Amino acid sequence: MKKLMIAAALAGLATTAVAQQRQKVDPAVLDKYFQSMFGKANDDWKARVTQDQTLKDCDAHGNAPPPKLFDEIVAREKATVKFPADGNVLGDWKKGLQVANRGTGGQFSDAPGTYQGGNCYACHEMAPTELSYGTLGPSLKGYGKARNFSKDEAKATFAKVYNAQSVMACSQMPRFGHTKFLTEEQIKDVVAFLFDPESPVNK
Amino acid sequence: MKRPRIRLAAALALLTCGVFAWSGAGLAQQTTQDAEKEIEKYRAMINDPMANPGYLFVDRGEALWSLKRGAKNVSLETCDLGEGPGKLEGAFAKLPRYFKDSDRVMDLEQRLLWCMQKIQELDTADVVRRRFGGPNNTSDMQDLVAFIANKSNGMKYQPQTAHPKEAEMLAAGQALFYRRAGQMDFSCATCHAEDGKRIRLQGLPNFSAPGKDAKETMGGWPTYRVSQSQVRTMQHRLWDCYRQMRHPIPEYGSDGITALTVFMAKMAEGGEIQVPSIKR
């Protein structure tokens with residue numbers, strides 16, 4: 001069932017991706033253009049925009065890798081997920097609401113130490129009371145309730161937020177834990193926001 | 001030139017109200033669409049040269065075009081923007097394009113810098129420092145781009161891709177559009193490759209394919225941004241996109257930005273130019 005759903009999602013991606021013919025570009029030529037923009041950045045910034053093997057694979061296949069590569073990427077990304085030492089993936093849903101709402105941090109205009117938010121609402125519907133939400137990702141309304149507030153589902157969700165590609169290769173969602181954009185505590189708070197019966201997501 | 005200030009102020013106040021209503025919290029999608037229609041009305045109201053604040057930039061640009069400066073103490077009036085020395089009508093509609101004298105594909109801003117250096121022998125460090133205007137400084141580039149792009153009003157985008165270097169730019173621009181990187185793994189395509197998507201309540205134009213979104217967006221750039229009180233160029237727009245994509249600061253006037261602009265102009269082929277437009 002899960003595999004079927006993934007295949008369907010991939011088919012959907014593929015149809016939108018072919019809208020404009022993708023031209024092949026010599027990687028050296030592309031790098032020349034990339035360096036023209038970012039060649040003067042410092043080492044920290046350069047490291048952030050250097051693609052790892054997974055992003056290289058995703059780019060090469062228009063984010064729709066063939067099944068074998070899909071499995072390879074998922075296995076590779078799964079290995080990066082670090083669960084909390086005590087096994088508890090549920091934090092404070094009220095703090096999770098802040099993480100979901102705030103989109104600051106990580107931009108070149110940000111002062112050092114700027115709060116880094118998850119900005120979940122930029123792409124997802126969550127609490128039905130919040131009407132200012134984006135539509136790039138699926139709706140997460142009633143997320144925990146729909147999963148019977150299951151502990152296993154909460155753990156799977158922690159992994160998904162930590163590294164979306166550990167579940168779905170080439171997912172458009174950031175790998176929040178893997179790239180260290182969010183802390184373990186922030187991810188736990190987001191999972192609580194999705195899974196706490198008292199959270200507005202489940203009201 | 002005298003301007004009807006009261007009319008301008010009233011129109012701006014109305015537009016500002018519209019923008020607030022649009023971006024304010026607690027709005028269902030229907031309300032968003034209604035608000036969008038209202039903003040469209042205000043836009044139409046102030047879409048004439050006597051009421052659009054973007055034309056203050058056009059006027060300053062016109063003065064800068066004929067201002068004598070640099071070591072040579074000459075104006076930019078002999079600068080060739082692709083249609084012949086000093087010919088401004090329709091030049092913007094065909095940019096970026098290949099220039100034989102520099103053996104490079106250049107967008108309008110790169111070309112203006114080139115002309116300042118070669119024709120005027122002007123030290124462009126200060127011009128580049130003021131590339132984006134703010135509360136305390138005007139920008140020669142914003143002014144000149146507003147003036148020159150305005151001379152293509154009513155014309156259609158005719159992207160130039162026949163020269164091998166133009167073709168390379170187009171292909172590279174498309175590849176850059178899809179290149180994922182940064183702490184968020186974002187590319188331009190993350191937000192701009194599908195129709196009808198939103199970030200929060202903000203609509204996201206689709207630039208991945210030729211069509212209405214690309215035509216309307218590119219046809220309306222440079223634009224007067226009400227929230228910033230500045231006419232902004234495509235160099236600024238893409239700088240801001242890379243900021244939001246958690247990438248490093250892109251180099252001003254770099255070939256990467258021009259390649260992306262070539263790609264977007266190609267997607268906007270046939271789109272009518274009406275600038276400076278007004279956006280939130």
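Each chain gets a letter, A, B and so on, in the order the sequences are listed, and its residues count up from 1. For the numbers below, each heavy atom of this structure counts, side chains included, while hydrogens, waters and symmetry mates do not. From a predicted model like this one, the values you see are computed outputs, not experimental measurements.
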K.L.:
Side chain, backbone, both or neither: which part of A:Lys56 has a non-hydrogen atom closer than 4.5 Å to chain B?
P.N.:
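Neither; nothing under 4.5 Å.
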
K.L.:
Can you name the closest pair of heavy atoms from A:Cys58 and B:Arg180 and give their distance?
P.N.:
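Between these two residues, the closest heavy atoms are CB-NH1, 4.3 Å.
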
K.L.:
Show, in sequence, the C-alpha distance, side-chain angles and deciding distance for A:Met37 and B:Ile257, and conclude whether the side-chain contact (heavy atoms from CB on, under 4.5 Å) test is met.
P.N.:
CA-CA 7 Å; A:Met37 288 191 283; B:Ile257 297 288; 3.8 Å; yes

K.L.:
Heavy-atom distances under 4.5 Å only: say whether A:Asn101 touches chain B with side chain, backbone, both or neither.
P.N.:
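Both backbone and side chain of A:Asn101 come within 4.5 Å of chain B.
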
K.L.:
Of the backbone (N, CA, C, O) and the side chain (C-beta and beyond), which part of B:Tyr242 lies under 4.5 Å from a heavy atom of chain A, both, or neither?
P.N.:
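Interface part for B:Tyr242: both.
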
K.L.:
Give me the atom names and distance for the closest heavy-atom approach of B:Pro248 to A:Ala41.
P.N.:
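Looking at all heavy atoms of both residues, the closest pair is CB-CB, 3.7 Å.
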
K.L.:
With a sphere of 6.0 Å drawn around NZ of B:Lys212, does it hold more than 12 non-hydrogen atoms of other residues, nucleotides or ligands?
P.N.:
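Counting neighbours around NZ of B:Lys212, 12 or fewer heavy atoms of other residues, nucleotides or ligands fall under 6.0 Å, so no.
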
K.L.:
When rounded to the nearest 0.5 angstrom, what is the spacing between CE in B:Met184 and CG in A:Asn119?
P.N.:
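So the CE of B:Met184 and the CG of A:Asn119 are separated by 6.5 Å.
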
K.L.:
Would you indicate whether A:Lys32, at its atom NZ, is surrounded by more than 12 heavy atoms from other residues, nucleotides or ligands within a distance under 6.0 Å?
P.N.:
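Yes, NZ of A:Lys32 has more than 12 neighbouring heavy atoms, counting only those of other groups under 6.0 Å.
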
K.L.:
Can you tell me if A:Gln172 uses its side chain to pair, donor with acceptor, with the backbone of B:Thr190 under 3.5 Å?
P.N.:
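Absent.
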
K.L.:
Over all heavy atoms of both residues, which pair between B:Gly196 and A:Thr135 is shortest? Give the atoms and the distance, please.
P.N.:
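What the structure gives for the nearest pair is O-OG1, 4.2 Å.
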
K.L.:
Would you say CG of A:Asp152 has more than 12 non-hydrogen atoms from neighbouring residues, nucleotides or ligands within 6.0 angstrom?
P.N.:
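At most 12 heavy atoms, drawn from other residues, nucleotides or ligands, come within 6.0 Å of this atom.
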
K.L.:
Do you know which of A:Gln51, A:Met173, A:Gln165 makes side-chain contact (heavy atoms from CB on, under 4.5 Å) with B:Asp185?
P.N.:
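Among A:Gln51, A:Met173, A:Gln165, the one meeting side-chain contact (heavy atoms from CB on, under 4.5 Å) with B:Asp185 is A:Gln165.
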
K.L.:
Taking A:Gly105, A:Gly39, A:Gly137 one by one, which has the highest count of heavy-atom pairs under 4.5 Å against chain B?
P.N.:
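Ranked by heavy-atom pairs under 4.5 Å with chain B, first place is A:Gly105.
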
K.L.:
Find the one option among A:Asn42, A:Thr179, A:Asp52 whose heavy-atom pairs under 4.5 Å with chain B are most numerous.
P.N.:
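Looking at each option in turn, the highest pair count goes to A:Thr179.
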
K.L.:
Determine the interplanar angle of the A:Phe38 and B:His247 rings, folded into 0 to 90°, and report it as parallel if under 30°, tilted if 30 to 60°, perpendicular if over 60°.
P.N.:
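Correct class here is tilted.
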
K.L.:
Compare every heavy atom of B:Gln183 with every heavy atom of A:Gly106, then report the nearest pair and how far apart it is.
P.N.:
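Taking A:Gly106 first and B:Gln183 second, the nearest heavy atoms are CA-OE1, 4.4 Å.
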
K.L.:
Go through the atoms of B:Ala259 and report whether side chain, backbone, both or neither lie under 4.5 Å from a heavy atom of chain A.
P.N.:
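When you check distances to chain A, only side chain atoms of B:Ala259 fall under 4.5 Å.
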
K.L.:
Quick one: which of B:Ile249, B:Leu204, B:Asp255, B:Leu260 has the most heavy-atom pairs under 4.5 Å with chain A, could you say?
P.N.:
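Of the options given, most contacts go to B:Ile249.
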
K.L.:
Check whether A:Leu136 gets within reach of chain B through its side chain, its backbone, both or neither, counting any heavy atom under 4.5 Å.
P.N.:
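Interface part for A:Leu136: both.
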
K.L.:
Would a 4.5 Å heavy-atom cut-off, applied to side chains only, mark B:Arg246 and A:Gln116 as touching?
P.N.:
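B:Arg246 does not reach A:Gln116 side chain to side chain.
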
K.L.:
Angle class for the A:Phe108/B:Trp239 ring planes (parallel below 30°, perpendicular above 60°, tilted otherwise)?
P.N.:
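The arrangement is tilted - the two ring planes meet at 30° to 60°.
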
K.L.:
Is chain A contacted by the side chain of B:Met245, its backbone, both, or neither, given a heavy-atom distance below 4.5 Å?
P.N.:
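Neither the backbone nor the side chain of B:Met245 comes within 4.5 Å of chain A.
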
K.L.:
Taking the side chain from A:Ser132 and the backbone from B:Arg200, do they hold a donor-acceptor pair closer than 3.5 Å?
P.N.:
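Checked: no pair found.
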
K.L.:
I'd like to know if the side chain of B:Gln174 and the backbone of A:Gln23 have a donor-acceptor N/O pair within less than 3.5 Å.
P.N.:
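Yes, B:Gln174 side chain to A:Gln23 backbone: donor-acceptor pair under 3.5 Å.
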
K.L.:
Mind ranking B:Gln244, B:Arg179, B:Met169 by heavy-atom pairs under 4.5 Å with chain A and telling me who comes out on top?
P.N.:
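Looking at each of B:Gln244, B:Arg179, B:Met169 in turn, B:Arg179 comes out on top.
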
K.L.:
Got a donor-acceptor contact below 3.5 angstrom from the A:Arg48 side chain to the B:Ala181 backbone?
P.N.:
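Checked: no pair found.
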
K.L.:
Less than 4.5 Å to any heavy atom of chain B: does that hold for the side chain of A:Val25, its backbone, both, or neither?
P.N.:
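For A:Val25, the contact with chain B is made by the side chain alone.
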
